[in-house]
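In what follows, every chain begins at residue 1, and chains take the letters A, B, ... in the order their sequences are listed.
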Amino acid sequence: MSPVASGEALRERLVPWYRANARDLPWRRDPSPYHILLSELMCQQTRIDTAVPYFNRFTVRWPTIEAFAAASPDDVLTMWAGLGYYRRARLLHAAAVAAVARGGLPADPDALAELPGIGAYTAGAIASIAFGVPAAAVDGNVERVISRVDRLDADPRSKGGKQVLRVRAQAIHAPGVASEVTQGLMELGATVCTPRAPRCEVCPWADVCLARPAGDVTAYPRLPARKAAVAVRAVAGILRRDGRVLCGRRPEGLLGGLWEPVGAEIGPEEDAQAALRQAFAARAGMMAHVGPLRGQIVHVFTHRRLTVEVYEVSAEEAVGFVGDGTYTELAWLAADGDGVGWSKLAQKILAVAPVTGGHVGDTPPAAG
DNA sequence: AATCCGGGGGC
DNA sequence: GCCCCAGGATT
């Protein structure tokens, strides 16, 4: 049986490899604490390539953490629109506000972890990348590369598994190369030790990896099977006025704070048009006439597969926003979102029932 | 420990 | 289609 590689053996292979193979990412050009905070929150559960354009737009609009902290939460959410996991936008902003209030982001991982939206991983990442503190940061990539090189049979998401991974990641660290170790581990997982088709022939750890000679690299990490997404049916109504569409703003939770055309989730056998009439009455205080079906879109979340039937809607008059709790506000929004930003789901709904023409300046129904 | 929370790209 | 990604908060 081969011995487990030492932390030093892993480090001395990893750091030179990272220096030679690091991708050119915008936050690596100036890895300031603010830039690393932004990039880490944006990259949580999100691909690098998806986050990069958002990072660039954020840093152009808010060049410093002080400027960002001074922004309104709604402006931050608007800029975040399309990135997903919208709670991150609120937590990121709250973290920046708290950091500025205490004179800047701390270098200590424990202090970082007290800020909103910053857990054990992100605290270690900011401490090591932005401040050079040798602190472990175990994300999905690190979980995978360590599970493979050590051929760990523990569930990496269990308490014990996380503990083993954290100790192992910490052992690879050393003073002076903390940023390279953290980013190198992630870079290795992202570009070489990939989930489905690892490129072991170019891996700097090929000579010390336990899974490679065993021939079961892709069997690690030992993750439990994921539950299937639940099918959910919904309706949405496109009610136009002067080139705008009546939209509701969602409360905290799924797509929290974002706007969408008025709609409702319905049962598998429910009458879609009747349900939509009822939704307009309960949520917008409107007696709506539901017109023709415009189209049907599918939107997949982690735990839901949403099918939305999109109808044209007309209404006699607004009788005021009654509100059954589905929306916190109502407004007539133009196709460009009137500066509030659309979720990807709302974009799909609007794409099958385009809003064109008309003029601005209409009055939304009273909220409350 | 289990659940919730988006969106997208690779295969 | 399926997997899973620079995870954290809540219960």
- Under 4.0 Å between any heavy atoms, over every strand shown, what does A/Arg28 touch: base, sugar-phosphate, or nothing? Just pick one. base

- Query: Looking at B/dC5, does its base get a donor-acceptor pair with the side chain of A/Arg304 below 3.5 Å?
  - Reply: no

- If you pin A/Lys227 and A/Gln45 to their nearest nucleotides in DNA chain B, which one's is more 5'? A/Lys227

- Side chains of A/Glu40 and A/Tyr121, donor plus acceptor under 3.5 Å: yes

- Note on the structure: Heavy-atom nearest nucleotide on DNA chain C taken for A/Arg87 and for A/Pro221; more 5' hit belongs to A/Pro221

- Note on the structure: Result for 5'-nearest mapping on DNA chain B, choosing between A/Lys159 and A/Phe301, is A/Lys159

- Message: Counting the atoms with a prime plus P, OP1 and OP2 as sugar-phosphate, which does A/Arg88 contact under 4.0 Å by heavy atoms, base, sugar-phosphate, or nothing?
- Response: nothing

- Message: Over all strands shown, is A/Leu41 touching base, sugar-phosphate only, or nothing at heavy-atom distances under 4.0 angstrom?
- Response: nothing

- Message: Please classify the nucleic acid contact of A/Ser343 as base, sugar-phosphate, or nothing, using heavy-atom distances under 4.0 Å.
- Response: sugar-phosphate

- Message: Check for me, please, whether A/Val145 and A/Leu223 land in the same ILVMFWY cluster - side-chain distances under 4.5 Å, paths through other members count.
- Response: no

- Write down the distance separating the P atoms in B/dC11 and C/dA6, rounded off to the nearest Å. 13 Å

- How is A/Trp27 classified with respect to the nucleic acid when contacts are heavy atoms under 4.0 Å: base, sugar-phosphate, or nothing? base

- Mind checking A/Leu37 for me? I need base, sugar-phosphate or nothing, with any heavy atom below 4.0 Å counting as a touch. nothing

- In terms of hydrophobic clustering (I, L, V, M, F, W, Y; side-chain heavy atoms under 4.5 Å; direct or indirect links), are A/Phe301 and A/Leu83 co-clustered? yes

- Sugar-phosphate only, base, or nothing, as touched by A/Thr122 at under 4.0 Å among non-hydrogen atoms: sugar-phosphate

- Query: Taking atom types as modelled, is there a side-chain donor on A/Gln183 or A/Tyr18 under 3.5 Å from an acceptor on the other?
  - Reply: yes

- What interatomic distance, in whole Å, is found between C1' of C/dC4 and the corresponding atom of B/dG6? 13 Å

- Give one of base, sugar-phosphate or nothing for A/Gly189, where a contact means two heavy atoms less than 4.0 Å apart. nothing

- Message: Please say yes or no: joined through hydrophobic side-chain contacts below 4.5 Å, possibly via intermediate residues, are A/Tyr311 and A/Tyr327 part of one cluster?
- Response: yes

- Task: Have a look at A/Arg90 and say if it touches a base, only the backbone sugar-phosphate, or nothing, with a 4.0 Å heavy-atom cut-off.
- Result: nothing

